[in-house]
There are 2 protein chains.
Amino acid sequence: MSENRWAPPPVLLAVDLVILTLRDSRLHVLLVERGVEPYRGALALPGGFLNNPGESLEQAAHRELSEEAGLDAARLHLEQISAYGDPDRDPRGRIISVAYLAIAPGLPEPAPGTDAADAHWVPVEEILHRRLTLAFDHVDIIADGVERARVKLEHTALATAFCETPFTIAELQRVYEAVWGVRLDPRNFYRKVQGVPGFIVATGSSRRTARGRPARLFRAGSRTLLNPPIVRPGRPETGEDS
Amino acid sequence: MSENRWAPPPVLLAVDLVILTLRDSRLHVLLVERGVEPYRGALALPGGFLNNPGESLEQAAHRELSEEAGLDAARLHLEQISAYGDPDRDPRGRIISVAYLAIAPGLPEPAPGTDAADAHWVPVEEILHRRLTLAFDHVDIIADGVERARVKLEHTALATAFCETPFTIAELQRVYEAVWGVRLDPRNFYRKVQGVPGFIVATGSSRRTARGRPARLFRAGSRTLLNPPIVRPGRPETGEDS
DNA sequence: GCAAAAGTGTTCATCTTACACCCATGA
DNA sequence: TCATGGGTGTAAGATGAACACTTTTGC
């Protein structure tokens with residue numbers, strides 16, 4: 001920290017949320033339609049300014065989670081992605097945004113009549129591949145959040161945050177497939193996840209499905225770090241140099 | 001973002017730097033002795049307030065890097081770690097700090113007489129294991145930065161940022177050993193790093209050492225993402241659950 | 001020649017992958 | 001009994017750890 005005789009210019013600080021969930025086996029992010037300028041009418045991440053003098057960044061994220069998305073903040077994964085501070089990222093002036101990644105089990109379309117009435121689940125693929133235009137730098141923030149989720153699926157028990165408790169191994173597999181955008185062999189996946197000590201724990205009961213043999217039910221284990229990791233199928237080699 | 005009729009309270013924004021390097025085969029971080037309250041006389045990370053209205057967070061980090069550490073910002077690894085915003089992290093008031101991780105090849109002790117005269121390289125181990133007392137929440141920030149470096153050594157070419165160009169494979173191995181705190185088999189390491197396409201490229205020449213066969217010299221390749229990864233030796237299993 | 005560090009070959013255990021096969025259910 | 005998804009066995013190939021061994025230097 002430098003000397004404090006000179007007063008540094010204050011900035012505004014916002015918290016934005018990348019809320020991911022699985023709907024119909026596809027990865028979705030929650031976006032809200034902006035009611036005010038700038039970017040009025042455009043889709044944006046839910047979020048808001050840090051407004052309580054005593055609240056931490058994480059507490060602000062929890063508050064926005066319930067205010068803007070109507071989500072019970074308790075019992076849901078929340079972690080910081082990054083801070084975004086380009087001088088021209090917001091036309092209103094110098095606004096630094098701290099983005100958080102939240103992950104929730106499949107949720108219904110936000111109910112009309114609430115604060116979250118103008119919120120919608122949008123497939124991540126539409127934003128990242130079709131480059132749907134969003135407000136501010138929110139496409140970049142979503143890309144960073146999704147990449148974070150992709151990486152953490154390998155080494156942490158993050159995938160269970162996408163599932164209701166209890167869940168089947170097939171449901172867990174759909175999480176990996178949707179987030180990574182790959183197909184996995186169900187037989188090998190079955191053994192692989194069971195081979196990680198502490199990852200998932202059998203509840204003892206089963207669940208009947210539309211057809212086929214009933215699936216055993218599991219809940220998340222106490223272990224948050226996975227070893228051995230659940231490795232992502234290797235992307236194709238792109239040989240360069242020697 | 002919420003409505004803008006009500007003005008949110010401004011906060012002060014600081015940028016702090018976790019500058020890592022290898023000295024004598026041990027991981028060190030650069031710390032400065034604080035000349036002003038609070039924490040006068042204590043060791044702290046180099047950093048300062050965001051003071052130029054038009055500068056991005058990353059530009060501010062580069063500026064602090066040259067002002068406080070006397071480092072030519074160009075050509076050195078710099079990435080954001082996280083934002084830290086606990087309400088009571090700074091006794092002066094509400095100050096949010098965005099921390100950056102910088103990695104540099106072995107550098108001399110900062111020269112007296114410069115802005116960086118009160119800066120010192122401190123072994124990371126002393127801070128993390130002996131829990132040396134630092135100003136603010138800087139121990140946590142260093143822990144996060146070191147953990148980031150540890151993880152990224154596996155999947156990215158970050159290790160080359162610790163080395164001068166050109167470097168030997170043994171030097172690269174010392175980076176992995178110091179950051180991970182492990183011993184690696186030189187023969188297997190030798191082949192492993194050469195087996196990752198694009199990671200390191202032979203320059204064609206060699207360097208004589210004090211004794212022993214001269215080592216081939218390499219420079220960083222164009223590939224930043226490593227596959228296959230350089231895997232960290234498995235930490236011991238801690239069996240829980242089933 | 002000897003010590004030391006660089007670099008190579010080889011073996012054995014383990015992990016991954018692919019896929020044949022069996023199990024339990026609804027229709 | 002058939003179709004379907006859940007779950008098990010297993011063999012071939014790839015990977016990784018351990019370590020014997022060769023190469024090239026300074027002394």
Side-chain angles (χ1 to χ4, degrees), chain A residues 24-25 153-155 163 166-178 180 182-197 199-219 226-237 239 242, chain B residues 25 153-155 163 166-177 180 182-197 199-219 226-237 239 242:
Chain A
D24 197 26
S25 296
L153 281 196
E154 295 196 85
H155 304 282
C163 298
F167 52 85
T168 69
I169 290 189
E171 285 166 358
L172 195 63
Q173 181 179 343
R174 265 172 237 127
V175 172
Y176 279 89
E177 292 184 330
W180 284 347
V182 299
R183 301 286 298 174
L184 301 173
D185 183 305
R187 288 114 23 156
N188 292 334
F189 183 83
Y190 186 91
R191 265 172 310 200
K192 195 177 260 185
V193 293
Q194 294 227 58
V196 184
F199 183 14
I200 57 173
V201 187
T203 64
S205 44
S206 305
R207 172 193 296 162
R208 292 158 243 327
T209 59
R211 54 179 172 280
R213 174 175 173 173
R216 298 169 65 194
L217 291 172
F218 296 82
R219 59 173 178 78
L226 267 36
N227 77 329
I230 308 292
V231 286
R232 180 162 24 164
R235 274 79 70 223
E237 303 269 332
S242 73
Chain B
S25 297
L153 281 195
E154 293 197 87
H155 305 282
C163 298
F167 51 86
T168 69
I169 290 188
E171 285 166 359
L172 195 62
Q173 180 180 344
R174 265 171 237 129
V175 173
Y176 279 90
E177 292 184 330
W180 284 347
V182 298
R183 300 285 299 175
L184 301 173
D185 183 303
R187 287 110 29 156
N188 291 334
F189 183 83
Y190 185 91
R191 264 171 311 199
K192 195 178 260 187
V193 295
Q194 293 228 60
V196 183
F199 183 14
I200 57 173
V201 188
T203 63
S205 44
S206 305
R207 172 194 296 163
R208 289 160 245 324
T209 58
R211 55 177 172 279
R213 174 173 172 173
R216 297 168 65 194
L217 291 172
F218 296 83
R219 58 172 179 80
L226 268 34
N227 78 327
I230 308 291
V231 287
R232 181 162 24 165
R235 274 80 71 224
E237 303 270 331
S242 74

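Here is how names work: the chains are called A, B, and so on, in the same order as the sequence lines, proteins then strands, and each is numbered from 1.
Residue Phe189(B) holds its CZ atom at 10.5 Å from CZ of Arg174(B), rounded to the nearest 0.5 Å. Between the CD1 atom of Ile230(A) and the OH atom of Tyr176(A) there is a distance of 5.0 Å, given to the nearest 0.5 Å. For the atom pair CZ (Phe167(B)) and CG (Leu172(B)), the distance works out to 5.5 Å, reported to the nearest 0.5 Å.
Pro229(A) meets the side-chain contact (heavy atoms from CB on, under 4.5 Å) test with His155(A), Val231(A); sequence neighbours excluded. In this view, Arg208(A) satisfies the side chain to side chain donor-acceptor pair (under 3.5 Å) rule with no residue, not counting sequence neighbours. Every residue two or more places apart in sequence or in another chain that forms a side chain to side chain donor-acceptor pair (under 3.5 Å) with Thr203(B) is listed here: Ser205(B).
Across all their heavy atoms, Trp180(A) and Glu154(A) have their closest contact at CZ2-CG, 3.4 Å. Taking each heavy atom of Thr168(A) and Arg207(A) in turn, the nearest pair found is CG2-NH1, 3.9 Å. Summarising the geometry of Gly195(B) relative to Pro197(B), their closest heavy-atom pair is O-CD, 3.2 Å, with the distance given to 0.1 Å. The two residues Val175(A) and Leu153(A) come nearest to each other via the heavy atoms O-CD1, 4.3 Å.
If you check residues 185-192 of chain B against DNA chain D, the residues with a heavy atom closer than 4.0 Å are Asp185(B), Arg187(B), Asn188(B), Arg191(B), Lys192(B), listed by number. Looking at residues 208-217 of chain A, you'll see Arg211(A), Gly212(A), Arg213(A), Pro214(A), Ala215(A), Arg216(A) sit with a heavy atom under 4.0 Å from some atom of DNA chain D.
Heavy-atom contacts of chain A under 4.0 Å fall on DNA chain C between two terminal nucleotides, which in 5' to 3' order are dT17(C) to dG26(C). With a cutoff of under 4.0 Å to any heavy atom of chain A, the contacted region of DNA chain D is bounded 5' to 3' by dT4(D) to dT10(D).
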Derivation of the side chain to side chain contact (heavy atoms under 4.5 Å, CB included) call for Gln194(B) and Ile169(B) | CA-CA 9 Å; Gln194(B) 293 228 60; Ile169(B) 290 188; 3.8 Å; yes
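The shortest side-chain heavy-atom distance between Glu177(B) and Ser25(B) does not fall under the 4.5 Å cut-off.
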Listed pairs under 3.5 Å, donor-acceptor, residues 211-218 of chain A side chains, sequence neighbours left out:
residue	atom	partner	partner atom	Å
Arg216(A)	NH1	Tyr190(A)	OH	3.3

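Each end of the helix from dG1(C)-dC27(D) to dA27(C)-dT1(D) gets its own rotation axis from five pairs of C1' atoms, and the angle between them is 10° to the nearest 10 degrees.
Residue pairs satisfying the salt bridge (Lys or Arg N to Asp or Glu O under 4.0 Å) criterion with at least one member in residues 185-197 of chain A, sequence neighbours excluded, are listed as follows: Asp185(A)-Arg187(A).
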